[in-house]
Number of protein chains: 2
Amino acid sequence: MEKTRYQFVADEIRRRIVTGKYPAKSLIPDQNTLAEEFHVSRMTVKKALDGLAREGFIYKQSGLGTYVLGIVPLQTISRDSPAGAIDGLTKQLGEDRVTSDIISFDVGFPNADIQKKLDLTVNRPVYDIIRLRRVENDPFILEHTYMPVELVPGLTENILKGSIYSYLHHSLNLKFGGAYRKIHASLATPFDMKYLEAGEHDPILEVEEIVWLNNGKNIEYSTARNRYDTRSYTVLDIR
Amino acid sequence: MEKTRYQFVADEIRRRIVTGKYPAKSLIPDQNTLAEEFHVSRMTVKKALDGLAREGFIYKQSGLGTYVLGIVPLQTISRDSPAGAIDGLTKQLGEDRVTSDIISFDVGFPNADIQKKLDLTVNRPVYDIIRLRRVENDPFILEHTYMPVELVPGLTENILKGSIYSYLHHSLNLKFGGAYRKIHASLATPFDMKYLEAGEHDPILEVEEIVWLNNGKNIEYSTARNRYDTRSYTVLDIR
DNA sequence: TAGTGGTCTAGACCACTAC
DNA sequence: TAGTGGTCTAGACCACTAC
């Protein structure tokens, strides 16, 4: 797993910004100077800077130069979801802090809605999993997940108690392509009241999502529900 | 405003995907073939395809080729917020359908929280605006906006009744750099009940955001509140 | 007028995949 | 072994900015 040159350049410039060597609102050296310093072509420097611009570290203005952006007030509370959160709660919060109760774990043929969401025909079975994710033992997320059996062979209760995502990544060697999410506020159901210890009139934040692999196949349709006072969802939107 | 070559190529390939000339899940021609067809270099084709991959239209696999992604079930209800919505409600829904009631329009020195959110010192005045945005006359979003006066000179009630964003873009010629958003579910306040016609126990979806310009200056801190049954927030997250 | 970042080229070498 | 996309180069021309 060798680092490419543009990754090396991007990592180093990012480090200089984070450590204050390139202070917020200052101009960084121009692309030709950086190309000389790193012994790469200007195109390679540009590719590194393009990535940093997408991450929100810098902005480039043709004719003027490249500026360091003031760090966005990323006062992300530790339980907030980062923008690109696709790697599951366990990775986000650390393995020790997250545990999962399995509320139900079934297999069946998908109904019309799930067929559409997962892009499956009716005769392809899906897992139907409900878990309560706990953080330091407090109930945190009530997660209802559908996954095509054919893409996730060998799922066991043991895996469900830990991290599905780690199983997908490391054991099945699957790679994510992207996710489509929809965030709602909704009313607490008796289910929420029972498992999330929500009050009758507590609002619930629900994240509904479809996740697909880098080969384009849909791997998951799920809803994740939180009590309104335990979590927000954050998005960083550049350009 | 001439189109660049890679934009031309991207637009044409996007058109072929949308019209079905390149069907979902099929391989599109390789980069060399496309380069020949469009009379451009392979790097230019690659740049076009990189953009389409970020938009979620295709995925590329080294050694194999470039595939058309199945269209994500973008069953985006018309009132949902698209992922990159930064252009204001008026542009999103069309000028005819959106009107605004001005609930309050003040100027003052920013408190500590607003100073931090807008990266201002205390002696720089800010507008403090509360508007009720209506869609086809129904109350829709209760919007509380702070903006630095020095960046938005000449704001009037007339502008507030229409679209602030159109004023920023077309009259002041400002360009957005990005936004940081935080989405919450929260309890209805008496204010929500009065203006959004929310019931006492209706959950509220709140989008809190900081918007900055392409020169890195923060232009807006705002909260936008909706009744839970009128709007979701959607995010497309690639790779 | 000198300096900036954006675009574009023609060619090279690479790792990976399928056969 | 042939074909794919990824990376990288050295150089060119451009529009735009500041002086």
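Below, chains carry the letters A, B, ... as their sequence lines are ordered, and counting in each starts from 1.
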The dot-bracket string of DNA chain C, counting Watson-Crick and G-U wobble pairs with both distances under 3.5 Å, using [ ] for crossing pairs and | for pairs to another strand, is |.||||||||||||||.|.
Please state whether the phosphate of D:dG6, meaning OP1 or OP2, lies under 4.0 angstrom from any side-chain nitrogen or oxygen of A:T4.
-> no
Flag for A:Y180-A:E208: side-chain donor and acceptor within less than 3.5 Å = no
Pair A:D119 + B:K25, salt bridge at N-O below 4.0 Å = yes
Does B:S41 put a side-chain nitrogen or oxygen below 4.0 Å from OP1 or OP2 of C:dT9?
-> yes
One should read off an interatomic distance between A:R131 CZ and A:E143 CD, to the nearest 0.5 angstrom, of 5.0 Å
Per the under-4.0 Å heavy-atom filter, residues of residues 26-33 of chain A near DNA chain C come out as A:D30, A:Q31
Let me know, please, whether A:M43 or A:Q61 comes out on the 5' side of the other along DNA chain D by nearest nucleotide.
-> A:M43
Donor-acceptor pair under 3.5 Å: do we get one between B:R42's side chain and the base of D:dG6?
-> yes
Closest to side chain of A:T44, choosing from D:dT9, D:dG5, C:dC8 | D:dT9
Is any side-chain N or O of B:Y6 closer than 4.0 Å to OP1 or OP2 of C:dC8?
-> no
Quick one: label B:K47 by what it contacts on the DNA or RNA (base, sugar-phosphate, nothing), any heavy atom closer than 4.0 Å.
-> sugar-phosphate
